[in-house]
Number of protein chains: 2
Amino acid sequence: MGCDTKAPDGYDPRAYPPVAVTVDVVTFTIVDNQLQILLVRRGQRPDKGLWALPGGFVREDEGLEAAALRELHEETGVVAEPRHLEQLGTYGTPDRDPRMRVVTVAYWAILANLPEPKGGGDAAEASLFSVVMVEADALKLAFDHGNIIKEAVERVRSKLEYTTLAAQFCPPEFTVSQLRRVYEAVWNARIDPGNFHRKVTTSPDFLRSTGGSTDPRARGGRPAKIYSPGEAEYISSPIMRSPSPRPTPRRRRPPPEQPKPPR
Amino acid sequence: MGCDTKAPDGYDPRAYPPVAVTVDVVTFTIVDNQLQILLVRRGQRPDKGLWALPGGFVREDEGLEAAALRELHEETGVVAEPRHLEQLGTYGTPDRDPRMRVVTVAYWAILANLPEPKGGGDAAEASLFSVVMVEADALKLAFDHGNIIKEAVERVRSKLEYTTLAAQFCPPEFTVSQLRRVYEAVWNARIDPGNFHRKVTTSPDFLRSTGGSTDPRARGGRPAKIYSPGEAEYISSPIMRSPSPRPTPRRRRPPPEQPKPPR
DNA sequence: TCAAGTTTGTGTTGACAGGACAAGAACCTC
DNA sequence: GAGGTTCTTGTCCTGTCAACACAAACTTGA
């Protein structure tokens, strides 16, 4: 061990190795019907000029979540409180930062429609990027942040299947189609409007009707009922994205080899 | 910030706050048809004498997983490699350790049938405890380890629903009932043998038949086919534990008010 | 005023999955 | 053999869901 102050249970904090602890935040929002994440441009080496997740040191007497919120605000100028903040995982490969050992605790957050991606506050530049662009590796990212983002995207996609978190992307009052467009943006897929409507309106306490309806003057069509989020956190039977592991191709309506007999 | 070496992006590792990073491991195994976890008795203050998760410092040039494995082996004397090791989460409430700021990265692991809970190696005592006992708060635990264990138990329970991890609790070759008893132990519930059998044998590449059968001399009954784990990591349609959110009580067989008409 | 278009919401239908339960299959002991 | 135990398959029935049709409610334009 080479550390003679070490107690028999290997746990004496007064002689701890030099490891820095930081937090990083993957912030999701939906703009223009696309899932976007908030990045800042690094102002110093290493990886100067590359885009990175907002983040920084955890202070000595600061909780991890508090540090994540503080860095999100400080580095991006975002003033709105996230509608959701959740730990994603901790990344501590010894050489992930070339300067020294840095262990980072990653969080992911949902921000309701961020009107304008405000320029960063701390002399840094902040901007929104669509997830499909990031997934296409169209952006050079600092450190292992590409990997962290990849895992965060997978997390938010799967969480929408079995939780009611999608409503957190919406304003406090919204319609079923607005909610559907959240799912379509996050999953990057098209969803049948009728089945989706039935699913979310019958899921217990997912949505609460406010009694109101939209003014259709804007876009034509039947006015939609307005809902606010219910108390339920989980969806009893998940909404499945992409029936990809479709057991059988399940060809609907096999070509009628014989004229349909009247029944 | 009060830290003039801080760069504009708030990220200069040469001036990091004094925070120690440790790992803790929640190790699950099944003994005597019960889900058990491995704990060590603390040999020094604080919480001296209390039971705790095996864990300790992350060394400067050591990965987090490597540190978890090392501490598991060092503190418990376990020689077998875990069949699964996965990050659970990171716990960093500022006052969770009274001596200084300690951020711990928790892992959970699966160990196939540990024959004997070997006494600890590092002058510490190691032992297995059934999860139901720990859940009943029958044990005083150090720090916030009770909370960590609670979250680990929930994690392993839910992972068994949609992954094939249950097989990792079994020896390399096993029968369907052995696998069922894993589910029953982890979920602390009874499962219908027939439906379970159909479910796991038809789930694509969950199990692979070795061709062999058990020798029934031991316990009587029809010999069981022997399987080894397949390549699949996920179960296409999850096995649900406790149909608790049962939509309707679904009274089977409503009392026949009228004699059953032949159809 | 009416047709056409658009969006919202509901009905219908057929396939499928899964729980309750029964029963067959393959072995043991007595 | 009889009876017991365990493994494995079959049956029935119900709930869920995707596909798709269609009704409802509104706008716009002829």
Side-chain angles (χ1 to χ4, degrees), chain A residues 161-162 174-181 183-184 189-204 207 209 212-227 235-256 260 263, chain B residues 161-162 174-181 183-184 189-204 207 209 212-227 235-254 256 260 262-263:
Chain A
E161 291 184 346
Y162 61 96
F174 54 90
T175 68
V176 171
S177 357
Q178 278 181 279
L179 187 66
R180 176 167 49 83
R181 272 183 277 271
Y183 276 92
E184 292 181 331
R190 232 162 261 103
I191 299 176
D192 181 89
N195 292 332
F196 181 82
H197 187 280
R198 191 184 0 253
K199 178 82 185 181
V200 296
T201 51
T202 61
S203 184
L207 303 179
S209 175
S213 295
T214 53
D215 184 349
R217 230 155 306 182
R219 201 73 199 102
R222 175 174 173 174
K225 289 190 189 133
I226 297 182
Y227 295 90
I235 304 175
S236 56
S237 57
I239 307 176
M240 284 313 205
R241 56 177 152 157
S242 77
S244 40
R246 185 154 42 185
T248 59
R250 190 193 265 167
R251 63 270 176 254
R252 177 135 308 271
R253 205 166 302 280
K260 188 189 294 179
R263 12 171 207 159
Chain B
E161 291 184 346
Y162 60 95
F174 54 89
T175 67
V176 171
S177 1
Q178 279 181 279
L179 187 66
R180 177 168 48 82
R181 273 183 276 272
Y183 276 91
E184 291 181 331
R190 231 162 263 103
I191 299 176
D192 180 88
N195 293 332
F196 180 83
H197 188 280
R198 189 183 3 252
K199 178 83 184 179
V200 297
T201 50
T202 61
S203 183
L207 302 180
S209 175
S213 295
T214 54
D215 184 350
R217 230 156 306 180
R219 200 75 198 98
R222 175 174 172 174
K225 287 189 190 135
I226 296 181
Y227 296 90
I235 304 175
S236 57
S237 57
I239 307 176
M240 286 311 206
R241 56 180 151 156
S242 75
S244 39
R246 185 155 40 185
T248 58
R250 189 194 264 168
R251 64 269 176 257
R252 178 134 307 272
R253 205 165 301 280
K260 189 189 295 181
R263 8 171 210 164

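Each chain gets a letter, A, B and so on, in the order its sequence line appears, and its residues count up from 1. The structure presented is a predicted model; accordingly, all values stated were derived computationally and were not measured.
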Residue among B/Leu179, B/Asp192, B/Val176 satisfying side chain to side chain contact (heavy atoms under 4.5 Å, CB included) with B/His197: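 Going through B/Leu179, B/Asp192, B/Val176 one by one, the side chain to side chain contact (heavy atoms under 4.5 Å, CB included) with B/His197 is satisfied by B/Val176 alone.
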B/Arg198 (side chain) and D/dG10 (base): donor-acceptor pair under 3.5 Å: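 Donor-acceptor pair under 3.5 Å: yes.
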Separation of [N] [atom2] from [X] [atom1] (nearest whole Å):
{"X": "A/Asn195", "N": "D/dC22", "atom1": "CG", "atom2": "P", "value": "16 Å"}
{"X": "B/Tyr162", "N": "C/dA17", "atom1": "OH", "atom2": "P", "value": "21 Å"}
{"X": "B/Ile226", "N": "D/dC7", "atom1": "CD1", "atom2": "C1'", "value": "13 Å"}
{"X": "A/His197", "N": "C/dG9", "atom1": "NE2", "atom2": "P", "value": "4 Å"}
{"X": "A/Asp192", "N": "C/dT8", "atom1": "CG", "atom2": "C1'", "value": "12 Å"}
{"X": "B/Arg222", "N": "C/dC28", "atom1": "CZ", "atom2": "P", "value": "13 Å"}
{"X": "A/Ile239", "N": "D/dC17", "atom1": "CD1", "atom2": "P", "value": "9 Å"}
{"X": "B/Arg180", "N": "C/dG19", "atom1": "CZ", "atom2": "C1'", "value": "15 Å"}

Set of residues satisfying side-chain hydrogen bond (donor to acceptor under 3.5 Å, both in side chains) with respect to A/Lys225, sequence neighbours excluded: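 Scan of A/Lys225 (side-chain hydrogen bond (donor to acceptor under 3.5 Å, both in side chains), adjacent residues dropped) gives none.
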Nearest-nucleotide pick for A/Pro223, side chain only, options being D/dT11, D/dC26, D/dT8: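 Looking only at side-chain atoms, A/Pro223 lies closest to D/dC26.
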Closest nucleotide among C/dG11, C/dT8, C/dG18 to the B/Lys199 side chain: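 When the side chain of B/Lys199 is considered, C/dG18 is the closest of C/dG11, C/dT8, C/dG18.
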Test item: A/Ser177 side-chain N/O and A/Arg180 main-chain N/O as donor-acceptor pair under 3.5 Å: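 Checked: no pair found.
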Sub-4.5 Å side-chain heavy-atom contact between B/Ile239 and B/Ile191: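 No. Closest side-chain heavy atoms not under 4.5 Å.
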Qualifying residues under ring-ring contact (aromatic ring centres under 6.0 Å, His included), relative to A/Tyr162, sequence neighbours excluded: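 By the ring-ring contact (aromatic ring centres under 6.0 Å, His included) rule, A/Tyr162 matches no residue at all.
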Examine [N]: is either OP1 or OP2 under 4.0 Å from a nitrogen or oxygen in the side chain of [X]? Give yes or no.
{"X": "A/Lys225", "N": "C/dT8", "answer": "no"}
{"X": "B/Ser237", "N": "C/dA17", "answer": "no"}
{"X": "A/Ser177", "N": "C/dT7", "answer": "no"}

